[in-house]
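Residue numbering restarts at 1 for every chain, and letters A, B, ... go by the order of the sequence lines.
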Protein chains: 2
Amino acid sequence: MVSADTVWPDHLFADLDRTGPIPLYFQVSSRLEAAIRSGELPPGSRLENEIAITQHLGISRPTVRRAIQELVDIGLLVRRRGIGTQVVQGQITRQVELTSLYEDLKNTAREPGTKVLIHDIVEADEIVAERLRVPVGSNVVHLRRQRTAGGVSIAILENYLPEAFGDITTEQLQLRGLYQILRARGVTIRVANQLIGARRADTDESTRLGIDDGGPLLTMERVAYDNAGEAIEYGHHCYRPDMYSFETTLVAR
Amino acid sequence: MVSADTVWPDHLFADLDRTGPIPLYFQVSSRLEAAIRSGELPPGSRLENEIAITQHLGISRPTVRRAIQELVDIGLLVRRRGIGTQVVQGQITRQVELTSLYEDLKNTAREPGTKVLIHDIVEADEIVAERLRVPVGSNVVHLRRQRTAGGVSIAILENYLPEAFGDITTEQLQLRGLYQILRARGVTIRVANQLIGARRADTDESTRLGIDDGGPLLTMERVAYDNAGEAIEYGHHCYRPDMYSFETTLVAR
DNA sequence: AAGTGGTCTAGACCACGCG
DNA sequence: GCGTGGTCTAGACCACTTG
């Protein structure tokens with residue numbers, strides 16, 4: 001018997017497509033996520049148990065579990081053995097996505113712009129060589145860009161890429177984010193390692209970002225890897241701390 | 001037929017325990033992780049395919065897949081359909097764990113210390129009430145602590161907890177990290193939402209942390225939730241940026 | 001004792017990348 | 001065409017929580 005206080009928005013799952021290319025578990029998890037974010041499943045709601053969901057949807061339990069797990073992984077649901085599955089109390093929302101700052105800004109509806117300060121080929125110093133796993137002194141693409149949102153400077157981005165990306169043009173960089181350009185070339189970033197910190201701005205940085213000389217900067221250093229596990233990009237960026245910050249959701253395994 | 005250039009450290013898996021309480025997939029993934037981190041499986045190595053591993057270990061394919069998935073999730077392995085599974089090139093290592101600063105510091109072998117500056121019960125203002133999901137004006141525990149490592153001040157931590165934690169003693173707080181105390185009471189943090197930024201230090205902060213007045217501070221604001229999805233802790237912390245930074249590994253889904 | 005999620009099996013078929 | 005990982009099934013038994 002199912003407890004009376006459980007919820008399951010059955011109507012959302014009437015049109016599951018078993019023939020198309022979209023996995024069943026994804027169809028279920030995305031509809032469920034929408035129901036949670038819209039408030040249809042309020043914080044604290046208890047979902048029906050997995051067996052019951054199985055019967056409602058006509059799919060197997062591992063598939064149901066995978067759908068639920070997707071939402072547990074992003075911190076929207078909490079599972080407890082012997083208890084059930086509940087919507088988390090906090091309306092925690094965004095995740096630090098594996099996207100570029102450019103896309104972050106687009107999503108916040110401030111018009112992003114890019115000024116390319118440096119775009120050349122240099123020999124890798126020890127740090128760049130180590131990060132990109134190329135020999136010291138080999139050629140790498142070097143970028144320095146200034147990023148604006150709604151006309152206001154908010155970040156200075158310095159990046160290094162393997163020489164294979166030497167044919168990226170300055171025009172492309174002015175129009176799009178780096179990750180967009182990479183994706184258009186069939187390169188997908190799969191894993192990234194980031195180090196977030198803070199330091200004083202130097203004179204050049206404070207002038208460009210329109211802040212006080214010596215004022216605080218938020219910094220991020222990142223190495224990104226593609227599908228094949230190859231290092232694709234190393235960069236160290238700095239941000240106006242009153243215009244940008246990093247949001248993360250951590251979920252215990 | 002298995003390609004000649006694949007690797008599988010079969011000897012590591014001779015003693016899998018099928019009767020004990022430790023899940024098979026975890027036994028496999030943790031041994032595999034150790035082999036990767038030790039360098040026994042160097043970056044770029046191709047693992048044997050999943051069917052072959054199934055036969056080597058005498059376990060089913062979903063179990064093998066789950067073990068591999070654990071390491072994909074932390075950025076150690078990369079899977080490609082039609083290609084296989086490989087060790088990531090970069091030695092991605094630590095993760096921002098769901099632990100307190102205290103434990104972070106212990107792991108880096110600098111002796112952590114805590115000075116309790118404030119420990120009282122206050123009425124929740126609007127922000128605290130919203131974060132902890134309690135009524136405005138209801139009682140909450142208020143903490144302000146100064147954290148040292150090897151005798152050097154590195155952070156000021158301000159936290160709010162529901163009144164149910166009013167029996168935590170100042171002595172406990174001096175000896176242990178907050179999350180340790182919570183765990184000892186049977187409270188496990190499951191989900192946390194963090195916002196990381198930077199700002200200027202005020203005079204009190206700069207004095208306590210031994211930095212210049214107005215110098216840069218790394219800041220973190222966090223709300224943490226337990227197994228049941230209940231808000232357990234809200235805090236805003238600041239760190240000496242030359243002594244502490246945040247490391248994250250992001251993995252695309 | 002009853003109900004829940006956690007783990008595991010032994011298959012099946014499909015989609016993608018490559019030669 | 002072949003090998004790879006991606007998805008899915010229909011069960012089974014176990015461990016934990018609560019009444």
For [N], does OP1 or OP2 lie under 4.0 Å from any side-chain N or O of [X]?
{"X": "B:R80", "N": "C:dG17", "answer": "no"}
{"X": "B:N49", "N": "D:dT4", "answer": "yes"}
{"X": "B:T85", "N": "D:dG5", "answer": "yes"}
{"X": "A:R61", "N": "C:dC8", "answer": "no"}
{"X": "A:R18", "N": "D:dT9", "answer": "yes"}

Let me know the distance between [atom1] of [X] and [atom2] of [N], rounded to the nearest Å.
{"X": "A:Q27", "N": "D:dT7", "atom1": "CD", "atom2": "C1'", "answer": "12 Å"}
{"X": "A:D17", "N": "D:dT7", "atom1": "CG", "atom2": "P", "answer": "15 Å"}
{"X": "A:E70", "N": "D:dG6", "atom1": "CD", "atom2": "P", "answer": "13 Å"}
{"X": "A:Q86", "N": "C:dT4", "atom1": "CD", "atom2": "C1'", "answer": "12 Å"}
{"X": "A:N227", "N": "C:dG17", "atom1": "CG", "atom2": "C1'", "answer": "12 Å"}
{"X": "B:E50", "N": "C:dC8", "atom1": "CD", "atom2": "C1'", "answer": "16 Å"}
{"X": "A:R46", "N": "C:dT4", "atom1": "CZ", "atom2": "P", "answer": "7 Å"}
{"X": "A:R65", "N": "D:dA10", "atom1": "CZ", "atom2": "P", "answer": "17 Å"}

Among [options], which nucleotide has an atom closest to any side-chain atom of [X]?
{"X": "B:P23", "options": "C:dC8, C:dC16, D:dC8", "answer": "C:dC8"}
{"X": "B:T63", "options": "C:dC8, C:dG6, D:dG5", "answer": "C:dC8"}
{"X": "A:Y25", "options": "D:dT7, D:dG5, C:dT4", "answer": "D:dT7"}
{"X": "B:S60", "options": "D:dT4, C:dA10, C:dG5", "answer": "C:dA10"}

Practice task
Please confirm whether the backbone N or O of B:R65 pairs with a side-chain atom of B:E50, one donor and one acceptor, at under 3.5 Å?
Solution key: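 No, the answer is negative, given that no donor and acceptor are paired below the 3.5 Å cut-off.
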Handout entry: Between NE2 on residue B:H119 and CG on residue B:N159, distance to nearest 0.5 Å
Key =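 These two atoms lie 11.0 Å from each other.
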Handout entry: Whichever of B:P62 and A:G20 has its nearest DNA chain C nucleotide further upstream toward 5'
Key =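 Going by which nucleotide is closer to the 5' end, it is B:P62.
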Practice task
Please name the residue in the list A:T63, A:I59, A:I53 that meets the side-chain contact (heavy atoms from CB on, under 4.5 Å) test with A:V28.
Solution key: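 Running side-chain contact (heavy atoms from CB on, under 4.5 Å) over A:T63, A:I59, A:I53 with A:V28 returns exactly one hit, A:I59.
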Problem - All ring pair (Phe, Tyr, Trp, His ring centres under 6.0 Å) counterparts of B:F165, not counting sequence neighbours - result: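 Listed in chain order: nothing, the list is empty.
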Exercise for the section: For A:Y25, check ring pair (Phe, Tyr, Trp, His ring centres under 6.0 Å) against everything at least two apart and list the hits. Expected result: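 Expected list: none.
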Exercise for the section: Looking at every strand, decide which applies to A:I51 at a 4.0 Å heavy-atom threshold: base, sugar-phosphate, or nothing. Expected result: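 Touches nothing.
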Practice task
Indicate, with a heavy-atom threshold strictly under 4.0 Å, whether A:R66 touches base, sugar-phosphate, or nothing.
Solution key: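 Since only primed, P, OP1 and OP2 atoms lie under 4.0 Å of A:R66, the category is sugar-phosphate.
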Practice task
Let me know, please, whether A:F26 or B:L47 comes out on the 5' side of the other along DNA chain D by nearest nucleotide.
Solution key: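 Comparing both residues, the 5'-ward one is B:L47.
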Handout entry: 5' priority, DNA chain D, between A:L24 and A:I83 [closest heavy atom]
Key =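 Looking at DNA chain D, the more 5' nearest nucleotide goes with A:L24.
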Practice task
Could you tell me whether B:D226 and A:R80 make a salt bridge, using a distance below 4.0 angstrom between a side-chain N and a carboxylate O?
Solution key: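 Looking at B:D226 and A:R80, the cut-off is not met.
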